[in-house]
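So that the names make sense, note that chain A is the first sequence line, chain B the second, and so on, each numbered from 1. Scope of the values below: all heavy atoms of this structure, side chains included, with no hydrogens, waters or symmetry mates.
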There are 2 protein chains.
Amino acid sequence: MDKPAKPGQQVLAALRRMIADGTIKPGARIAEIPTAAALGVSRMPVRTALRALEHEGLVEKLGARGYTPRAVDAAAITGAIEVRGVLEGLAARRVAERGLTEAEAAQLEAILAEGDALFAKGHLAEGDLDGFYRYNLAFHDLLIAASGNPSIALALGRNNHLPFASAAALALDWDDLEGEYRHLRAAHQEHRAVFEALRTGDAERAERLMRGHAAVAVANRRAFRMLAG
Amino acid sequence: MDKPAKPGQQVLAALRRMIADGTIKPGARIAEIPTAAALGVSRMPVRTALRALEHEGLVEKLGARGYTPRAVDAAAITGAIEVRGVLEGLAARRVAERGLTEAEAAQLEAILAEGDALFAKGHLAEGDLDGFYRYNLAFHDLLIAASGNPSIALALGRNNHLPFASAAALALDWDDLEGEYRHLRAAHQEHRAVFEALRTGDAERAERLMRGHAAVAVANRRAFRMLAG
DNA sequence: CATGTGCCTATTGGATCCAATAGCGTGCTC
DNA sequence: GAGCACGCTATTGGATCCAATAGGCACATG
């Protein structure tokens with residue numbers, strides 16, 4: 001399981017990482033040939049990856065002189081999180097309006113039970129962060145899938161690539177695990193509240209809750225500290 | 001101006017058209033080699049175009065057996081329009097919250113004046129449809145740009161490729177020009193209402209109006225008739 | 001007769017090569 | 001001395017070739 005990654009995917013991941021961690025600074029040119037040489041592949045996967053990153057909005061074409069990373073500042077991240085908020089809010093609204101099916105309710109309950117289990121003992125254990133990651137993602141994904149509107153998932157696909165913008169991107173402060181425990185538990189309780197709104201068919205409330213749920217990520221100071229540092 | 005199109009762009013446009021007009025039906029396989037042969041180019045631009053269309057959500061990968069057009073039904077279009085509604089609603093909200101600058105207000109007023117001129121004489125002339133198209137697009141684009149959130153424009157980029165989903169896609173019933181005149185004038189009046197909400201800083205109202213403005217496109221029967229026929 | 005296995009072929013992904021193009025520097029001219 | 005034009009070079013886009021892979025079919029076996 002260490003090396004099954006296809007070359008093309010590795011190039012894409014490598015470029016994403018380099019852009020994210022500042023190895024390639026915004027404003028710097030990204031040409032195909034040097035990049036391909038540096039990564040030890042041909043120009044082809046690099047070209048593919050750059051086109052994909054352009055579609056994702058991470059880089060922008062620089063005329064006929066290659067690409068350059070798009071500057072990603074705190075405002076951009078905030079904007080992406082706002083977009084996620086309204087899209088997931090729309091998903092929640094639609095699910096509430098349509099009403100939960102038996103199967104969906106059972107599935108959501110099962111997912112939320114995982115969350116309950118994580119926080120039952122009052123603190124975070126080692127594997128719990130990974131557990132929360134999966135639980136959180138499952139909740140959001142199921143909600144989006146249940147919305148019955150594929151355009152929502154499609155539109156969300158973009159934002160998830162920006163750092164900290166995705167629901168999957170947990171910005172954890174490892175120096176303040178108690179604080180993080182409270183944050184994550186609050187998020188879990190918001191999930192429960194959304195679930196109640198869905199069950200009762202309160203579309204307005206479901207949308208509002210879901211929007212607010214995304215907004216808390218904006219308040220996470222850790223993300224901005226990392227940007228500054 | 002007849003032949004300046006780059007080969008790659010032509011392939012992309014050709015595939016889009018073929019998918020839109022049903023030359024390639026959903027469920028049918030799109031393989032690189034036959035497609036390239038049919039279009040008289042090599043596999044490379046076809047590959048590029050298919051990747052782009054996949055990002056746009058018009059086709060989906062069929063395992064290792066090529067691509068297939070995504071089925072686009074009335075529900076999909078409705079969904080895309082809903083997404084456009086919440087995104088443009090978010091843009092309007094942000095502009096209203098932040099307040100219009102002098103320059104933005106003047107620009108919007110100039111654009112709206114174009115709309116006023118179009119409807120002043122009480123009926124639609126020949127070139128007016130084109131005029132409305134440009135006016136409408138200018139209004140929406142300016143609003144999105146003024147939101148200061150590039151993620152909105154990025155997310156909207158996806159939906160505009162689906163037929164009838166974009167603000168630029170006017171579904172006109174050429175057999176009922178009087179009815180269309182009323183529709184378009186109503187849209188123009190909604191623009192005016194949004195502008196008022198922006199000026200007064202009523203974010204809630206601006207968002208609601210903008211959402212409703214997108215929703216009227218859903219009610220347009222013409223789109224569904226075209227789908228059926 | 002059904003099922004599992006192994007080979008074969010069709011198809012995509014990657015590498016290398018070639019052509020077109022745009023930017024840029026230099027030199028000439030006014 | 002400044003501006004324009006020409007040619008050069010760097011870089012992307014396209015074509016062709018090769019390798020890896022997955023799906024399908026046939027055959028053998030239980």
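- For the pair A:Arg134 and A:Glu114, the salt-bridge criterion is not met [side-chain N within less than 4.0 Å of a carboxylate O].
- One finds no salt bridge joining A:Glu82 and B:Arg93 here, because no Lys/Arg side-chain nitrogen approaches an Asp/Glu carboxylate oxygen to under 4.0 Å.
- Atom CG of B:Leu62 is separated from atom P of D:dA22 by 15 Å (rounded to the nearest Å).
- The distance between the ring centers of B:Phe132 and B:His188 does not fall below 6.0 angstrom.
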(request) Sugar-phosphate means primed atoms, P, OP1 and OP2; the rest is base. With that split, encode nucleotides 11-21 of chain D 5' to 3' as B, S or - using protein heavy atoms under 4.0 Å. (result) SBBBBBB----
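- Looking only at side-chain heavy atoms (C-beta outward), B:Ile24 and B:Val59 stay at 4.5 Å or farther from each other.
- Relative ring orientation between A:His140 and A:His191 is described as perpendicular, the plane-to-plane angle rising above 60° on a 0-90° scale split at 30° and 60°.
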